[in-house]
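Working notes, beginning with the structure itself.
Note on naming: letters A, B, ... go to the chains in the order of the sequence lines (proteins, then strands), and numbering restarts at 1 for each one.
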Number of protein chains: 2
Amino acid sequence: MKKKSGPTIKTPKFRRISPQERRSRLIDAGLACLAKGGIRAFTMDNICREAKISRGLVAHHFGSKDALLAEVYAAVYDRMLAHLVPPDAASTDIVALVENSFSPSLLNGESLNIWLALWSEIASNPALRTEHRKHYALYREGIARLISATARDRGRTVDSYELATIFISLVDGLWLEQCIDSSVLSATRAKDVCYSVLETALGPLRRPASRSVAVTA
Amino acid sequence: MKKKSGPTIKTPKFRRISPQERRSRLIDAGLACLAKGGIRAFTMDNICREAKISRGLVAHHFGSKDALLAEVYAAVYDRMLAHLVPPDAASTDIVALVENSFSPSLLNGESLNIWLALWSEIASNPALRTEHRKHYALYREGIARLISATARDRGRTVDSYELATIFISLVDGLWLEQCIDSSVLSATRAKDVCYSVLETALGPLRRPASRSVAVTA
DNA sequence: TATGTAATTATACAGTTGTTCAACAAGAGG
DNA sequence: CCTCTTGTTGAACAACTGTATAATTACATA
């Protein structure tokens with residue numbers, strides 16, 4: 001099949017899109033590379049192949065590869081927080097937080113690749129570390145508030161700050177171990193552990209009915 | 001200054017050492033690179049410069065760079081376990097384990113670099129993952145035994161397996177958060193959190209007298 | 001001292017890395 | 001239609017990557 005016979009028809013070699021749209025797509029492409037192969041796959045060639053653009057564009061829009069990585073970090077953090085604590089504030093109770101923390105969309109090898117790479121970068125990039133500290137503080141504060149409100153409803157007094165720290169570290173550790181080797185612990189069991197720790201301080205929680213699948217083994 | 005005039009005197013260009021000694025030194029050199037700059041610094045040039053040998057030697061003794069990394073992993077794991085659970089079995093109670101888990105030698109940016117790099121490798125290297133699974137199982141088993149023994153001494157009954165899993169994940173999470181940003185939590189506070197969780201199930205523990213430093217701030 | 005072996009060096013190599021930059025061209029505004 | 005802005009390309013670039021291999025040479029052995 002040949003091209004249409006019209007002499008004035010020509011297919012553009014590329015499409016121009018707005019800088020913000022292009023930046024967004026490049027961040028997505030970078031994230032995809034990170035997810036597939038960690039920091040070793042976060043190369044200009046891979047990123048540009050993923051985004052289907054030529055190599056010069058990254059420099060044009062971000063200045064350097066490292067600058068792109070910094071933006072990828074910010075995007076990842078924002079998305080994760082949006083996932084853990086949805087904007088619909090009314091629906092965010094502690095139970096939902098636990099459930100979201102161990103949802104399949106976070107509990108997989110791709111997420112592990114992404115976070116290991118970003119943590120490594122934070123460790124050696126002061127600017128990223130400052131930003132991380134800010135995000136983390138907000139995150140912990142939100143959880144402490146959640147815990148505090150729950151305790152108040154139940155007429156209990158807890159050190160919400162300490163419990164939030166324990167909770168975050170516990171979730172991080174459980175998440176990490178399970179991503180590295182999923183055979184260590186099931187997601188259900190990980191949630192149970194979290195609930196167990198929380199309930200020690202807060203009393204019984206309304207755990208969601210576990211959609212128990214019949215396992216015949 | 002010229003060389004000594006003695007005609008028979010000559011300074012050797014290199015020293016031959018036993019393969020096992022050389023391998024050991026190369027593992028140390030690789031570990032040092034990993035500690036300094038994570039997986040990005042784990043390059044042949046860096047490793048050989050660190051070990052003060054020429055590039056060909058790594059291939060001669062290990063076959064490839066990845067093979068060296070595998071041995072570095074094994075060495076790191078062995079050393080960490082030896083540090084957490086010293087061979088002197090009599091002295092390893094739970095309190096010692098907690099104290100060792102948050103000792104300064106483990107709680108620093110170098111350790112973080114090392115473990116982030118190794119975890120990334122485990123995630124994409126099936127052989128390493130198998131070995132990791134083995135090491136981890138042994139580690140958890142040992143802790144479960146420790147917990148079980150402690151509970152028996154105190155006439156309590158606990159799910160030692162579950163508590164060990166919680167404990168390991170909690171330590172991992174606390175360790176990780178603190179390495180990434182030491183301002184989140186002090187080592188003393190991290191230990192307190194661990195003791196608190198353990199004591200909920202095991203009753204009061206003989207915490208070591210905290211060498212409290214007078215802080216005037 | 002002479003000899004053999006294998007530890008070690010040094011170089012070459014092809015492939016990949018991130019960055020730079022001149023040239024191109026898409027698309028908006030005239 | 002033309003012009004201008006600038007998003008986009010594509011190649012060139014030096015530096016670096018891991019590996020292979022021939023040439024050295026230290027050192028144990030006889």
Side-chain angles (χ1 to χ4, degrees), chain A residues 3 6-30 33-34 36-72 117 120-121 124-125, chain B residues 3 6-30 33-34 36-72 117 120-121 124-125:
Chain A
K3 293 178 182 178
T8 57
I9 301 288
K10 66 171 179 180
T11 54
K13 292 187 178 177
F14 56 88
R15 281 205 324 128
R16 297 175 69 149
I17 60 182
S18 71
Q20 65 183 40
E21 170 69 14
R22 178 66 73 194
R23 287 170 63 92
S24 172
R25 290 193 190 183
L26 280 173
I27 289 171
D28 285 342
C33 292
L34 231 44
K36 283 177 188 168
I39 198 66
R40 296 170 70 156
F42 192 79
T43 67
M44 296 293 278
D45 280 2
N46 276 344
I47 295 163
C48 295
R49 196 180 310 128
E50 177 77 28
K52 289 169 184 154
I53 47 96
S54 73
R55 271 212 298 282
L57 259 197
V58 173
H60 183 259
H61 286 287
F62 293 92
S64 72
K65 197 190 74 162
D66 283 344
L68 172 60
L69 183 56
E71 303 241 8
V72 168
S120 294
E121 201 57 26
S124 62
N125 186 332
Chain B
K3 293 179 182 177
T8 57
I9 302 286
K10 67 171 177 179
T11 54
K13 291 187 178 179
F14 57 88
R15 279 206 323 129
R16 297 177 69 153
I17 61 182
S18 72
Q20 65 183 41
E21 170 70 13
R22 179 65 72 193
R23 287 170 62 93
S24 172
R25 289 192 191 184
L26 280 173
I27 290 171
D28 285 342
C33 292
L34 231 43
K36 284 177 187 168
I39 198 66
R40 297 170 69 155
F42 192 79
T43 67
M44 296 292 279
D45 280 1
N46 277 343
I47 296 164
C48 295
R49 195 179 311 127
E50 178 76 29
K52 289 170 184 154
I53 47 96
S54 72
R55 271 215 296 284
L57 258 197
V58 173
H60 184 260
H61 286 287
F62 293 92
S64 72
K65 197 190 76 163
D66 283 344
L68 171 60
L69 184 56
E71 303 241 7
V72 168
S120 294
E121 202 57 26
S124 61
N125 187 332

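- Rounding to whole angstrom units, CZ of residue B/F14 and P of D/dT24 are separated by 12 Å.
- When each of B/K13 and B/F42 is assigned the nucleotide of DNA chain D with its nearest heavy atom, B/F42 is the one assigned upstream, toward the 5' end.
- To the nearest 0.5 angstrom, A/F62 atom CZ is 5.0 Å from A/L68 atom CG.
- Rounding to whole angstrom units, CZ of residue A/R40 and C1' of C/dG18 are separated by 18 Å.
- Separating the CD1 atom of B/I47 from the P atom of D/dC16 is a distance of 16 Å, rounded to the nearest angstrom.
- Rounded to a whole Å, the CG atom of A/L68 is 11 Å from the P atom of C/dG18.
- Near DNA chain D, defined here as any heavy-atom distance below 4.0 Å, the residues from residues 52-61 of chain A are A/I53, A/S54, A/R55, A/G56, A/L57, A/H60, A/H61, listed numerically.
- Between B/I39 and B/L69, the shortest heavy-atom distance links the atoms CD1-CD2, 4.2 Å.
- B/I53 has its side chain out of reach of B/F14: every pair of non-hydrogen atoms, C-beta onward, lies at least 4.5 Å apart.
- In this structure, A/D45 places its CG atom 14 Å from P of D/dG10, rounding to the nearest Å.
- B/R49 has its CZ atom 11 Å from the C1' atom of D/dC16, to the nearest Å.
- Rounded to an integer number of Å, the gap from B/F62 CZ to D/dG18 C1' is 16 Å.
- Side-chain atoms of A/L26 and A/R22, non-hydrogen and from C-beta on, do get closer than 4.5 Å to each other.
- In this entry the distance linking CE of A/M44 with C1' of D/dT9 reads 13 Å, nearest Å.
- A/S64 comes within 4.0 angstrom of sugar-phosphate atoms only, judged by non-hydrogen atoms across all strands, and of no base.
- The phosphate of C/dA7 has neither OP1 nor OP2 within less than 4.0 Å of any side-chain N or O from B/R22.
- Closest to the A/R16 side chain, of the nucleotides C/dT9, C/dT17, D/dT5, is D/dT5.
- Of all non-hydrogen atoms in A/H61 and A/R23, the two that sit nearest each other are O-NH1, 2.7 Å.
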Enumerate, atom names and distances included, each donor-acceptor pair closer than 3.5 Å involving a side-chain atom of residues 40-48 of chain A, sequence neighbours excluded.
unit_1 : atom_1 : unit_2 : atom_2 : d
A/R40  : NH1    : B/E121 : OE1    : 3.3
A/T43  : OG1    : A/N46  : N      : 3.2
A/D45  : OD1    : A/R55  : NH1    : 3.0
A/N46  : OD1    : A/R49  : NH1    : 3.0
A/N46  : ND2    : A/A41  : O      : 3.0

